[in-house]
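The structure appears right after this line, and notes come after that.
In what follows, every chain begins at residue 1, and chains take the letters A, B, ... in the order their sequences are listed.
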Amino acid sequence: MSEHKDFLRTIVEEDLKSGKYNEVVTRFPPEPNGFPHIGHAKSIAINFGIAKDYKGHCNLRMDDTNPTTEDTKYVEALKEAIEWLGFEWEGEVRFTSDYFPKIYDYAIDLIKMGKAYVDSVNEEEMRELRGTVTEPGRRSKYAERSIEENLDLFERMKNGEFEDGAHVLRAKIDMSAANMKMRDPLMYRIRHAHHFRAGDAWSIYPMYDFAHCLSDYIEGVTHSICTLEFENNRDIYDWVLDTLGLEPPRPYQHEFARLGINYTVMSKRKLLELVEGGQVSGWDDPRMPTIAGYKRRGYTPESIINFCDQIGIAKANSMVDVAQLEFCIRDDLNTKVPRVLCVLDPIKVNIENYEGSEEIEAPYYPHDVPKEGSRKIPFSKEIYIERDDFMENPPKGYFRLTPEQSVRLRHAYIITCKEVIKDDQGNIVEIIATYHPDSKSGEDSSGIKVKSAIQWVSASEAKKVEIRLYDRLFKEEAPEGVEDINPDSLKIIQNALIEPAVITEKCDERYQFERQGYFYADPVDYTDERPVFNKIVGLKDSWGKKSKEKKTTGKTEAKPQEKKVQIDGEVVPMTEAQEKLFTKYTDDLGLNSEVANTLARDDKLSYFYAETLDVLHSPVALANIVANDVARELKTKQLDELSFTPTQIAALIKMVDDETISSKIAKQVFEEMLKTGENPTDIVESKGLIQISDPAVILPIIEEVMEKNPDNVEKFRAGNTKLLGFFVGQVLKATGGKGNPSVVNKLVAQKLRS
RNA sequence: UGGGGUAUCGCCAAGCGGUAAGGCACUAGUUUUUGGUACUGGUAUUCGGGGGUUCGAAUCCCUCUACCCCAUCCA
């Protein structure tokens, strides 16, 4: 766990500390109607991660309330994904369908309370009656049915006596609720459908809003964590649990922002389209953002968990850069996997002065990876190197083989180009080179300096392999659908050449092909006759970036940084009475227009202000505290709910006016009044909050603070004037907030400058 | 449009009245037989805009703006 907790962990910690719960219980509640994707991984990491961090547990629950879309194969995919990611759920996998009998009983309780009714309008009518976001809805005439009738109808719904859609069970809440979700939400609908687990036992199925909160409660979940789009549903969640009067403790719902990644689609619907439309080979196509896809591609569970930790948890909708994910897999594999040589696009090199053959012992890991292991690489007269690693007319900064520039063959000798052989079209077909016998890796006495070492394979021993080069599936940063698909997302190289040890020794399933990237032996299509490797991710390539930049210069001119223009909207005009108050405030009482505006527009505030004014004639100071601090309280409270009176506020301000206390202390006292309702004068007295203005008292404190922070004193004197605030803050803290800020401020400035 | 949310660097994200954390990306340099890795440094005088309160505001107040979610018998 990092030192900065996310907001969910903060909540959990508080709930544990306050004794609200003894143990934290979370759950991961997917609907088994699609393969889990990396967005689910985030949710998995959160739910299982929190449970683990706070020594609680996390259930896996299939939210299978819709028999028409769900299937066992998805249950298996979900279980597999969680296990692969390295988490364990508590006990058996749970199913909402297991709770159907209990949930049914709760529905009956609600009917008996008169809090639920069977409605029989058709869908169209229901939509109409629901109203719109601006207009309230109306209840259907069926809402008036008697409890007995509702009970009877509901039982017959269960018994399958009615057609799909004939009736529904609805919660009786409020058809004019501003939250549309609360307009008598549906609890049950009739579905004569076969359920993949419950079979044909039920003709009615509970809706998400009814089943989810109850399932959480039944399982003893404490923190029901879901994504932001369920914020509006939280009211129903609470309503169901509260009106049922269930024995505490009960779960509470908390929402976080779902994960978005650029160049990726994350909705189950769109993913399903790709699978069904044949744009990908299946749910586990290595280009898919599904867990199965990443797994097949070669990602490690650690890299994905790490990614989930890095991106954090918050409530702002956000779009994470794929580069962050790519960093995570590189970072993970860097210290784990063996390095080998593979040539993707071979060009033959004939080393004319080399005869015979030899085997070169080469370590699997570079000097900075503390792992042991090596293999033998055959070397001979005829080798292949990467086509990119030779250039006849190289640009400036090219480090590889050219007619003028020698290069090292990784783990082997330095070679120099002698001649280039071309075909009729001018394509290079072979390079004639010489090697330097005294330049062998590890025993180099040639003294030749080269700028780089390149990969190569011996022609006769190299093995042919198929390489699948994957790139992002979409070419648009925020893809909409198939029209945004990247046509080059998969390139298959049939005849890449790899050093033999990779095929014969198989020391791992993931490798770094040096200078190219990380690759994974495809778990499905790989055979000894036809080895297949998937590209997981490329290495960072600062040369590729640089050379590409050169080619495209001119295209990427610095775009003019447009300044966003902020449009100021219209402010609602004041009423005549407010206008009058406003002028009184500004003209007679000398308030500034902003404070006057705030006060005049709010009845509660202006009333409260007037009351304080009756007690103390200090219009400006009173206006300030009313318009700022009292206003905060009045946002959520009514006048008669306040824990303080206008008289008390006046008394508080009087002490400020007297300079008995500073305005900083006044805030502190105000907070105390909020909590205890005590008189400000009593608070000041009992806590000894009287302001310290005597320099003789303050000066030593300043000196002490400066002594403790010599670095900052120096920085300040070097010109970092921001630090003045730091010192004032420190001194004030040392006085327990009682120092007179303006005096402290002045003295600190003086002291610092002397 | 009514309600519910959210705005801090190119992308994530800490911060809860007292010096604007960190990661990715970018960039310069050191090391390097991977143009990789590692290491060192540079990247926000400013927190969506404008006002106000305060000695001091990303944090408190007012106001405006932009974006997301809600009118499925989906979850």
Pairing partner of B:C26, by Watson-Crick or G-U wobble and under 3.5 Å for both distances, is B:G42

Within the 4.0 Å heavy-atom criterion, would you say [X] contacts the bases, only the backbone, or no part of the nucleic acid?
| X | value |
| --- | --- |
| A:N712 | base |
| A:R601 | nothing |
| A:Q310 | sugar-phosphate |
| A:N66 | sugar-phosphate |
| A:R408 | base |
| A:K746 | nothing |

Are the ring centres of A:F726 and A:F716 closer than 6.0 Å?
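No.
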
Taking only N and O in the side chain of [X], is any of them less than 4.0 Å away from OP1 or OP2 of [N]?
| X | N | answer |
| --- | --- | --- |
| A:K635 | B:C61 | yes |
| A:S318 | B:A13 | yes |
| A:T598 | B:U63 | no |
| A:R515 | B:G35 | yes |

Q) Out of B:U37, B:G35, B:C61, which has the shortest distance to the side chain of A:N334? A)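 Given the options B:U37, B:G35, B:C61, the side chain of A:N334 is closest to B:U37.
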
Exercise. Just compare B:C74, B:U72, B:C55 and give me whichever is closest to any side-chain atom of A:R189.
Key: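 Shortest atom-to-atom distance from the side chain points to B:C74.
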
**Asked** Does A:Y435 have any ring pair (Phe, Tyr, Trp, His ring centres under 6.0 Å) partners at least two apart in sequence or in another chain, and if so, which?
**Response**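 If we apply the ring pair (Phe, Tyr, Trp, His ring centres under 6.0 Å) test to A:Y435, skipping adjacent residues, the hits are A:Y354, A:Y413.
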
Polar atom pairs (N or O), protein with nucleotides 1-7 of chain B, under 3.5 Å:
unit_1	atom_1	unit_2	atom_2	d
B:G2	N9	A:V133	O	3.4
B:G2	N2	A:A178	O	3.3
B:G2	N3	A:V133	O	3.3
B:G3	N2	A:N232	OD1	3.1
B:G3	N2	A:N232	ND2	3.2
B:G5	O2'	A:E231	OE1	3.4
B:G5	O2'	A:E231	OE2	3.2

Does B:A75 have A:Y208 stacked on its base, where the ring centres are within less than 5.5 Å and the planes differ by under 30°?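 Aromatic stack with B:A75 absent for A:Y208.
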
Carboxylate-amine/guanidinium contact A:R27 A:D216, below 4.0 Å: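 Looking at A:R27 and A:D216, the cut-off is met.
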
Rounded to whole Å, CZ of A:R339 lies from C1' of B:G35 at a distance of 15 Å

Contacts under 3.5 Å, N or O only, protein and nucleotides 25-27 of chain B:
unit_1	atom_1	unit_2	atom_2	d
B:C26	OP1	A:K545	NZ	2.3

